**Q** 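Sharing a structure below in structure tokens format, with a few things to ask.
Quick caveat: nothing in here was measured; it's all calculated off a predicted structure.
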Amino acid sequence: QGAQMMPETVKARYEAPVAGVMGPPAAILDYLPLAVLCNKLMDVFNELRECAIISIRMRVTSRVSTLLSFCADRTASVFSDQEETCSKEERSRFVKLMKVITQHLGIAEL
């Protein structure tokens with residue numbers, strides 16, 4: 001469903017990986033905002049690999065980890081605030097989203 005709404009240039013990243021260029025995991029395609037965030041991060045990483053200085057590796061890793069953790073925490077917080085009004089299907093989708101975040105984006109279990 002998310003993949004159908006994605007622009008063709010973005011979908012191509014998932015379908016035809018280019019040698020040496022990182023792409024986001026296909027599992028996030030069902031979660032458009034998450035896919036867009038990952039695509040932007042991949043753009044940055046692919047540009048950085050051309051000129052990145054080894055000494056900034058830890059800072060970049062730390063900042064990205066902080067960003068992803070913030071996004072996961074915020075998503076969980078919003079869901080928690082609205083959980084009582086969610087349908088069974090919405091709850092199930094949220095649980096799947098959080099599994100994708102923890103399994104594919106390296107975020108610790110929430």
Side-chain angles (χ1 to χ4, degrees):
Q1 151 185 3
Q4 295 165 344
M5 298 180 347
M6 254 196 212
E8 288 303 315
T9 55
V10 174
K11 274 178 36 179
R13 287 189 171 184
Y14 297 91
E15 296 164 356
V18 177
V21 176
M22 293 178 63
I28 67 172
L29 277 175
D30 287 336
Y31 310 98
L32 191 57
L34 186 57
V36 170
L37 174 63
C38 284
N39 276 313
K40 293 299 180 185
L41 288 171
M42 291 295 111
D43 287 343
V44 169
F45 289 138
N46 287 326
E47 281 190 36
L48 273 178
R49 72 184 173 92
E50 300 288 328
C51 62
I53 301 169
I54 299 295
S55 63
I56 68 168
R57 180 179 179 192
M58 293 306 287
R59 279 190 298 184
V60 170
T61 301
S62 175
R63 296 242 174 125
V64 169
S65 179
T66 299
L67 170 67
L68 293 174
S69 291
F70 172 79
C71 290
D73 289 344
R74 186 70 186 121
T75 301
S77 176
V78 167
F79 178 74
S80 178
D81 291 345
Q82 299 176 0
E83 184 175 10
E84 291 179 12
T85 62
C86 290
S87 68
K88 187 175 181 178
E89 182 180 325
E90 289 170 326
R91 283 189 183 111
S92 174
R93 188 157 169 77
F94 174 77
V95 169
K96 289 177 185 175
L97 168 64
M98 296 313 287
K99 284 181 181 178
V100 166
I101 290 172
T102 58
Q103 292 172 355
H104 295 283
L105 300 181
I107 304 299
E109 294 281 335
L110 298 174

**Q** For residues T75 and L34, determine if any side-chain heavy atom of one lies less than 4.5 Å from a side-chain heavy atom of the other.
**A**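 SC-SC contact between T75 and L34 ruled out.
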**Q** Is the closest side-chain heavy-atom distance between D81 and S77 below 4.5 Å?
**A**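 Yes, side chains in contact.
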**Q** Taking all atoms of both residues into account, what is the closest heavy-atom pair of A76 and F94, and its distance?
**A**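 Shortest heavy-atom contact: CA-CZ, 3.8 Å.
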**Q** According to a 4.5 Å side-chain heavy-atom criterion applied to Ile, Leu, Val, Met, Phe, Trp and Tyr, with indirect links allowed, do M98 and V95 form part of one hydrophobic cluster?
**A**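 No; V95 is not reachable from M98 via cluster members.
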**Q** With hydrophobic residues grouped by side-chain heavy-atom distances under 4.5 Å, do L68 and I56 end up in a single group?
**A**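 Yes; I56 is reachable from L68 via cluster members.
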**Q** Show the numbers, then the answer: is there a side chain to side chain contact (heavy atoms under 4.5 Å, CB included) between E90 and T85?
**A** CA-CA 9 Å; E90 289 170 326; T85 62; over 6 Å; no
**Q** Heavy atoms only: give me the nearest Y31-V100 pair and the separation to one decimal.
**A**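 Smallest interatomic distance, heavy atoms only, reads CE1-CG2, 3.8 Å.
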**Q** Verify side chain to side chain contact (heavy atoms under 4.5 Å, CB included) between C71 and R74, making sure each step is shown before the conclusion.
**A** CA-CA 5 Å; C71 290; R74 186 70 186 121; 5.8 Å; no
**Q** If I take atom CD from residue Q82 and atom CZ from residue R91, how far apart are they, to the nearest 0.5 angstrom?
**A**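 With rounding to 0.5 Å, CD (Q82) is 12.0 Å from CZ (R91).
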**Q** Answer yes if L41 and V60 sit in the same cluster of Ile, Leu, Val, Met, Phe, Trp and Tyr residues linked by side chain heavy atoms under 4.5 Å apart, and no otherwise.
**A**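 Linked within one cluster.
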**Q** In Å and rounded to the nearest 0.5 Å, what is the CZ to OG1 distance from R63 to T66?
**A**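 So the gap between those two atoms works out to 8.5 Å.
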**Q** Donor-acceptor pair, S69 side chain versus S65 backbone, under 3.5 Å?
**A**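 Flag set: sc S69 to bb S65 pair under 3.5 Å.
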